There are 2 protein chains.
Amino acid sequence: MLIVIDRHSGQPVYRQLLEQVRYQAASGILAPGDELPSTRALSARLGLNPMTVSKAYGLLEREGVVERRPGRALVIKARAAGDLEDERLEELRKALAGTAQTVRQLGVSPEKALELFADLLKRPEESE
Amino acid sequence: MLIVIDRHSGQPVYRQLLEQVRYQAASGILAPGDELPSTRALSARLGLNPMTVSKAYGLLEREGVVERRPGRALVIKARAAGDLEDERLEELRKALAGTAQTVRQLGVSPEKALELFADLLKRPEESE
DNA sequence: CTTGGTGTATGCCTACACTAATACACCATT
DNA sequence: AATGGTGTATTAGTGTAGGCATACACCAAG
């Protein structure tokens, strides 16, 4: 499992970890049933405290991305197709609602905003 | 001028102020030439420190929303149509780029994201 | 030039988020 | 039950952003 932590990105470490695992699970890089490294193993590899990893893992479990098996490593949760779709869309909705408000506050026309958004969605390089 | 500050919203006060003035200027509620209350007057009315108001005013000036007249009150800046458009769009672009990244991380299809976004832009009630 | 207004630079204080150290509870395996 | 693994509750340390008090520089009007 490839995880890259950038301590100077301004983003909290636990969130970087969370997002990378979530993305990899969503995109299929991590398949259902795949095991995640233990908190200690991963924290050692990344030079972090186990608690920081645990925080990310705990949130991933709450999101339903991962399944807890007491005494054993976490695994990517198997799920009926579209099972998580609802939660994903809900999270997406929150993000978009905030952005929509920004659009209004800036006094930008919805059309222009949509156009720009469509544009950005096409260009993956636009990451931070 | 109607400004409402919610200290429990989690949003910084100076930012609430900034956004409300910016929105009112963009939407025409505040017309070019309209004067803003002095930092002391507004801070007294809202129960804030003048510095907090000044912070918002300073940012508004940098954005070009407002014009400074030394010794006198700030005024909403007159401008050629679309004069501020560039900076606005730049700010919008930043917001949208972040959201676009979220879309990718969630593994949601661009089409669905756009659809949802268009939906949210139509409903003003979706504010906080 | 004095007065009463303007905005704000500087520095401090507080609250909060993030990270980490420690210590604990749990489980699988032997 | 002993052991070596798991995750994490609790607590403490650290950095930073937001807000405020103070004090200053400036200007218009008298």
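Below, each value reflects all heavy atoms present in this structure, side chains not excepted, and no hydrogens, waters or symmetry copies. Predicted model only: the values in this text are computed from it and were never measured.
- Where DNA chain D meets chain B (any atom under 4.0 Å from a heavy atom), the bounding nucleotides read 5' to 3' are D/dG18 to D/dC27.
- Heavy-atom minimum distance, A/Gln16 versus A/Val4: OE1-O, 4.0 Å.
- Among the protein residues, A/Thr39 comes within range of the nucleic acid bases, having at least one heavy atom under 4.0 Å from a base atom.
- The NE2-P distance, from B/His8 to C/dC16, rounds to 12 Å in whole Å.
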Given side-chain contact (heavy atoms from CB on, under 4.5 Å), test A/Phe117 with B/Leu121 step by step and report yes or no. CA-CA 12 Å; A/Phe117 190 43; B/Leu121 283 172; over 6 Å; no

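- Considering all non-hydrogen atoms of both residues, B/Pro37 and B/Arg45 come closest at CG-NH2, 4.0 Å.
- Counting to the nearest Å, the P atom of C/dT8 and the CG atom of B/Leu48 are 16 Å from each other.
- Distance check: A/Leu17 CG to A/Leu60 CG gives 7.0 Å after rounding to the nearest 0.5 Å.
- At the heavy-atom level, B/Arg40 lies under 4.0 Å from base atoms of the strands shown.
- In this structure, the CG atom of B/Asn49 is 17 Å from the P atom of C/dG11, given to the nearest Å.
- Across all strands, B/Val53 comes closer than 4.0 Å to no nucleic acid atom at all (heavy-atom distances).
- Atom CZ in A/Arg7 sits roughly 15 Å away from atom C1' in C/dA17 (whole-Å rounding).
- B/Lys55 has its NZ atom 14 Å from the C1' atom of C/dG11, to the nearest Å.
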I would like to know whether B/Glu35 and B/Val75 meet side-chain contact (heavy atoms from CB on, under 4.5 Å); could you show each step before the answer? CA-CA 4 Å; B/Glu35 292 190 354; B/Val75 294; 3.7 Å; yes

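- Per the geometry, CD1 belonging to A/Ile5 stands 14 Å off P belonging to C/dC18, to the nearest Å.
- The two residues A/Ile3 and A/Gln20 come nearest to each other via the heavy atoms CA-OE1, 3.5 Å.
- Residue A/Leu18 contributes atom CG, which lies 17 Å from atom P of C/dA17 at whole-angstrom precision.
- Separating the CE atom of A/Met51 from the P atom of C/dA17 is a distance of 16 Å, rounded to the nearest angstrom.
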Starting from the C-alpha separation in whole Å, work towards a yes-or-no answer on salt bridge (charged side-chain N to carboxylate O under 4.0 Å, His left out) for A/Glu90 and A/Arg93. CA-CA 5 Å; A/Glu90 181 52 29; A/Arg93 202 198 60 78; 3.7 Å; yes

